[in-house]
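What follows is one structure encoded as structure tokens, with my remarks underneath.
By convention in this document, chain letters (A, B, ...) are assigned in the order of the sequence lines, proteins followed by strands, and residues within each chain are numbered from 1. Any value given below was found using the heavy atoms of this structure, including those in side chains, with hydrogens, waters and symmetry copies removed. Since the model is a prediction, treat every value here as computed from it, not as a measurement.
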Amino acid sequence: MNALGTAEKRERLADLAPDRLAELDAADEADDRTLPELPNVEDYDEVRLRVAPNPNGPWHLGHARMPAVIGRYRERYGGWMLCRFDDTDPETKRPDLDAYDAILGAIEYLGFSPDEVVKASDRVETYYDHARTLIDAGGAYTCSCPAEEFSLLKTEGTACPHREEDPETAHAEFDAMVAGEYDAGERVLRVRTDIDHKNPALRDWVAFRMVDTPHPREAAAEYRCWPMLDFQSGIDDHLFDVSHIVRGIDLQDSAKRQRYVYDYFDWAYPEVLHWGHVQVEAYDVAMSTSTIKAAVAVGDLNGWDDPRAPTIASLRRRGIRGEAIVEAMAGLGTSTSNVDLAMSSVYAANRELVDDEADRRFFVRDGVEKTLLGGPETAEPPLHPDLEDRGVREIPVGGAVRVEPDDVPPNGKRVWLKGLGPVRHTRNAFEFTGEDIEVVRDGDVDVVHWVPADDAVPLRLRTMDGEETGHAEPGVAACAADDVVQFERVGFARLDRVPDDGEAVAYFAHP
RNA sequence: GCUCGCUUGGUGUAGCCCGGCCAAUCAUAUCGGCCUUUCGAGCCGAUGACAGGGGUUCAAAUCCCCUAGCGAGCACCA
């Protein structure tokens, strides 16, 4: 049974036990259902979701949770998904112009494609329109209190003098804000909530403020009056008819703040779910955009796709499928407590995805050369031990082989060169002994991988822990960049560069 | 300080709303066995958890209270 592929197994099972097959299918579907149901789905015509990244840098692993979970929900409910770049801070969270496409590329790599993509910085006029309507509704006022002063008043639950201003004044001053007549810090537009609400976080929050620094996008470079996230995203969620908001616990109070605006407009607030932060063990580099940015800048990391970086780009270069990341992220569920993602769960998911397709190859690290006396001229190990149809690799043996130092048996002892046969270590050579495979089954002889001394392809394997050099079997020269292979007894790797001549480069994925 | 939230084995998760079928699910991990010309895959088995204390109840992982720990918000950041 083990020699059969999955499809063949299914076929045989269908003949032998159709009931059991149905059970397996049901189990498969259940696997896909690790996420809890979204609340009150039946109340909406369509499940409409959004991912709302801040394009202030490429993505680290933690960012994958958002598209992974939201994308899975879209698939489950046959819903709709928006990608909205919340790029309304040209200064402190200044957008990185390359990040917009990098993020869309990452989402695609994870296996999702948004139904629509928008940038908040293209929609500023819309936010102004709604601000004016809100002023008319008595829901907002302009305020020139210095931030620290207002903060003190707020803490004691006292209104500032501007709170009672009339809508005409508010309109005039807001128009002046839009016209750029104030500098940063001189005036804001506040939402009128409850100034003595028991939760200080909800009291009269800022909806618009002045920013002196021009937005990096040319199309938005002239704006000086920018909405805050809570205002912008609240308006957009309604305008795009979002049914379910899924976001981090840092935004736990956002819904409560935005409800005030929704109430002024008489809109219904979407369903909302929060999740905690994701930590990833196994990396030396902290998983934060700014830390990685700094490490790349000073050369501690060799770019965002350095295998030591906890980034999406890094996993991608290592040949890990986006789907494996999604699987692992979906497995974390949507609980509001902080979670640790074990890389082993990403690896386990990936192994399942790539094991069948990855051809087997030999790669000998830091090999020692041994003259080979006797034996066949060609070795023929299978390309895949479980899929015989795939055929064999024909490896010309030549007069000498390389093996890893740890695999050299003591003098006089034998070892089985995989796909070639048994050899005895004599003085400084390997002597072909020709026994049957029984010697391996008996347990006295270890099976090891090897490469011919001639024609082996020099290869550098980049791993999370550094680089390893060695030689791969000659057939690797015919592989292409992007091929995912399993170096037997070493692990899965993605070929990154296979030049006609000279050193090939591969990235280690996992055992 | 004020407010909100979280706490199930190494990791993650199910169960908690609507108490009993939970001596607690599944995955991953680790260990062992079988199989295998890989330290991969497959098969079998083992390991290991309801934060602590009170209360309600015939019955509590599930409801209530307290304590502890963790996290978040109280930004003219997202």
- prompt: Checking side-chain contact (heavy atoms from CB on, under 4.5 Å) against A:Phe432, which of A:Leu417, A:Val397, A:Val423 comes through?
  reply: A:Val423
- prompt: Within this structure, what is the CZ-to-P distance between A:Arg190 and B:C74, rounded to whole angstrom?
  reply: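 So the two atoms are 13 Å apart, to the nearest Å.
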Heavy atoms only, 4.0 Å cut-off, all strands: where does [X] land among base, sugar-phosphate and nothing?
{"X": "A:Ala348", "answer": "sugar-phosphate"}
{"X": "A:Ser151", "answer": "sugar-phosphate"}
{"X": "A:Ser233", "answer": "nothing"}
{"X": "A:Arg351", "answer": "sugar-phosphate"}
{"X": "A:Cys145", "answer": "base"}
{"X": "A:Pro146", "answer": "base"}

Taking the six-membered ring for Trp, are [X] and [Y] ring centroids under 6.0 Å apart?
{"X": "A:Phe85", "Y": "A:Tyr100", "answer": "yes"}
{"X": "A:Phe492", "Y": "A:His510", "answer": "yes"}
{"X": "A:His425", "Y": "A:Phe430", "answer": "yes"}

- prompt: Between the base of B:G40 and the side chain of A:Asp386, is there a donor-acceptor distance below 3.5 Å?
  reply: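 Indeed, a donor on one side and an acceptor on the other fall under 3.5 Å apart.
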query: Quick one: the side chain of A:Arg441 and the base of B:U37, do they pair up donor-acceptor inside 3.5 Å?
result: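 Check fails, no donor-acceptor contact within cut-off.
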query: In terms of side-chain heavy atoms of A:Ala147, which of B:C4, B:A78, B:C76 is nearest?
result: B:C76
query: Among B:U38, B:C77, B:C4, which nucleotide sits nearest the side chain of A:Arg489?
result: B:U38
field: Strand contacts (RNA chain B) in residues 199-212 of chain A, 4.0 angstrom heavy-atom criterion
entry: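 Nucleic-acid contacts, sorted: A:Asn199, A:Pro200, A:Ala201, A:Val206, A:Arg209.
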query: Does A:Lys154 have a side-chain nitrogen or oxygen under 4.0 Å from the phosphate oxygens OP1 or OP2 of B:C2?
result: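 So the side-chain polar atoms of A:Lys154 never come under 4.0 Å of the phosphate oxygens OP1 or OP2 of B:C2.
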query: Can you tell me if the side-chain N/O atoms of A:Lys198 get under 4.0 Å from OP1 or OP2 in B:C74?
result: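 It does not, given that no N or O in the side chain of A:Lys198 lies less than 4.0 Å from OP1 or OP2 of B:C74.
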- line: Once base and sugar-phosphate atoms are separated, protein heavy atoms under 4.0 Å mark nucleotides 6-19 of chain B, 5' to 3', with B, S and - as S----SSS------
- request: Tell me, yes or no, whether the heavy-atom count around A:Asp212 atom CG, taken from other residues, nucleotides or ligands under 6.0 Å, exceeds 12.
  value: yes
query: If pairing requires Watson-Crick or G-U wobble contacts with both distances under 3.5 Å, which nucleotide is the partner of B:G42?
result: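 Its partner is B:C34 (Watson-Crick or G-U wobble, both distances under 3.5 Å).
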From A:Trp205, A:Phe208, A:Tyr127, A:Trp226, residue fulfilling ring-ring contact (aromatic ring centres under 6.0 Å, His included) relative to A:Phe231: A:Phe208
